[in-house]
Asks: 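I'd like to ask you about the structure that follows.
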Amino acid sequence: MEKWKTQVLPPDEENIRLAAELLQQGEVVGIPTETVYGLGANAFDVDAVAKIFAAKGRPGDNPLIVHIASMDMLAPLTVDVPELAYRLAEKFWPGPMTMILPKSDRIPNEVSAGLSTVGIRFPSHPVAKRLIEAAGLPIAAPSGNLSGHPSPTTAGHMLHDMDTRIPMIIDGGACTVGLESTVILVKEDRVRLLRPGGVTVEMMEEICPVEIDDGVLHSVAENEKVASPGMKYRHYAPVAEVTIVEGSLPAFRAFVDSQKGEGVYAVVFNGEESDMPVPALSFGMEDQPEAQAHLLFDLLRQCDELGAKKVFVRSPDRHGIGLAVYNRLLRAAAFHIVKLEG
Ligand code: AMP
Ligand code: MG
């Protein structure tokens, strides 16, 4: 892999032009979006796409999402798009929703990991939009972290993982959503949720029925065939062992007390930190899942900076974007849950 002096640059016209030129030349660029930072390359260029997999250390069987900046860019990438997809696009694009659709021949197998479908998203972040327009290309981009690490929600996070691996990161500020996009398989009359995100089940149910794939809340065996290959990997994980703890605040406090020791941390809701028996990090208000989504990956990275060995996390509510928060925590915890009485 080539060694770069990775530059983090503000999103002015000149830098957008430089980034667009790099994309046109087959290089990989760090791109801010409203979900997380992405590692973008020309989706039509197999050599450029190979650089994404190399920079991340991503397994080749995990497909990439292709990013567009107008509805006109959709047709050449797909075939037989169900009418429902247009209705969903009208409601939720630009925004944090990825639709899995039958792919056209123009999408290389390297992007779709050999599948006959491709994930397409139209991001709402103005810098992502300007960059895709300036490059004049659909941009394949996974999250800009090393494979397995928490996704980057700031340019600093991305530099931490990608320093020397890519030439440039455009700094568009902290990501507003803070979790990766909602991924749905679009059928004729319904959708199947493969990964929860900022466009919630409740929001989509206003348009059509939503089936929740088993992989959203359950672990998938290494050799099992899954609808969304990304769901089978341990993910979003700090070095520390993460455990989700279900139960009341007093039960949580007593449990953590029984576990205390060097490197043991608690992740709790705002206002609960002060009387914890171990150092505690706050996770946002209990009834504000948007704030939890925004904070989660930064918090998981902080655990590493603190040298945490074990992290016990209060179990979040699963409504709205809370389902996405819980889904990411489940993977960070490798599905390790403790259920307390009371
Ligand atoms: P990331 O690139 O890190 O945001 O992850 C992309 C997610 O979308 C992974 O979980 C992939 O498995 C999923 N994905 C992308 N393309 C497809 C596809 N064609 N079919 C099913 N899942 C997909
Ligand atoms: Mg990812």
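Heavy-atom basis, side chains included; hydrogens, waters and symmetry copies ignored. Whatever order the structure lists them in is the order used to number ligands and atoms, beginning at 1.
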Asks: Using the test ring-ring contact (aromatic ring centres under 6.0 Å, His included), find all partners of F122 that sit at least two apart in sequence or belong to another chain.
Replies: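 Checked F122 against ring-ring contact (aromatic ring centres under 6.0 Å, His included); zero matches.
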Asks: Using heavy atoms and a threshold below 4.0 Å, how should the contact between K103 and ligand 1 be classified: side chain, backbone, both, or neither?
Replies: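 No part of K103 comes within reach of ligand 1.
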Asks: Once you restrict to heavy atoms under 4.0 Å, what part of I65 touches ligand 1? Side chain, backbone, both or neither.
Replies: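 Just the side chain.
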Asks: Nearest heavy atom to atom 15 (C) of ligand 1 wins, so pick from P63, G119, A113.
Replies: P63
Asks: I need the contact type for N62 against ligand 1. Using non-hydrogen atoms and a strict under-4.0 Å cut-off, is it side chain, backbone, both or neither?
Replies: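 Answer for N62: side chain.
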Asks: Keeping N15 on the side-chain end and P10 on the backbone end, is there a donor-acceptor pair under 3.5 Å?
Replies: yes
Asks: With a cut-off of 2.8 Å, how many protein N, O or S atoms neighbour the Mg ion (ligand 2)?
Replies: 1
Asks: State whether a side-chain donor-acceptor pair under 3.5 Å links S70 with D72.
Replies: no
Asks: Any side-chain donor paired with an acceptor under 3.5 Å for T98 and S181?
Replies: yes
Asks: Looking at D257 and K260, does any basic side-chain N land under 4.0 Å from a carboxylate oxygen?
Replies: yes
Asks: Count the heavy atoms of every other residue, nucleotide or ligand shown that sit under 6.0 Å from NZ of K103, and state whether that count exceeds 12.
Replies: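 Check passes, neighbour count above 12.
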Asks: Below 4.0 Å, non-hydrogen atoms only: which portion of L115 touches ligand 1? Side chain, backbone, both or neither.
Replies: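 Answer for L115: side chain.
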Asks: How about S143 and E180: does a side-chain donor come under 3.5 Å of a side-chain acceptor?
Replies: no
Asks: Would you kindly say whether T33 and R121 are connected by a side-chain donor-acceptor distance under 3.5 Å?
Replies: yes
Asks: Do H157 and D298 pair up side chain to side chain, a donor and an acceptor below 3.5 Å, judged on atom types alone?
Replies: yes
Asks: Counting only heavy atoms, which portion of R58 has something under 4.0 Å from ligand 1: side chain, backbone, both, or neither?
Replies: side chain
Asks: Within a distance under 4.0 Å of any heavy atom of T117, pick out the atoms of ligand 1 and give their elements.
Replies: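 That gives atoms 18 (C), 19 (N), 20 (N) of ligand 1.
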Asks: Evaluate E180 for polar contact with ligand 1, using N/O atom pairs at a separation under 3.5 Å.
Replies: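 The answer is no, given that E180 and ligand 1 share no N or O pair closer than 3.5 Å.
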Asks: Which residue pairs pass the ring-ring contact (aromatic ring centres under 6.0 Å, His included) test with at least one member in residues 242-278, sequence neighbours excluded?
Replies: F255-F312, F269-F283
Asks: Show me which atoms of ligand 1 lie under 4.0 Å from any heavy atom of I100.
Replies: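 What qualifies from ligand 1 is 16 (N), 17 (C), 18 (C), 19 (N), 20 (N), 21 (C), 22 (N), 23 (C).
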Asks: Below 3.5 Å, N or O to N or O, backbone or side chain included: is there any such pair between S143 and ligand 1?
Replies: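 It does: an N or O of S143 is found under 3.5 Å from an N or O of ligand 1.
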Asks: Would you list the pairs meeting ring-ring contact (aromatic ring centres under 6.0 Å, His included) in which at least one residue belongs to residues 186-217, sequence neighbours left out?
Replies: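 ring-ring contact (aromatic ring centres under 6.0 Å, His included) check on residues 186-217 returns no pairs.
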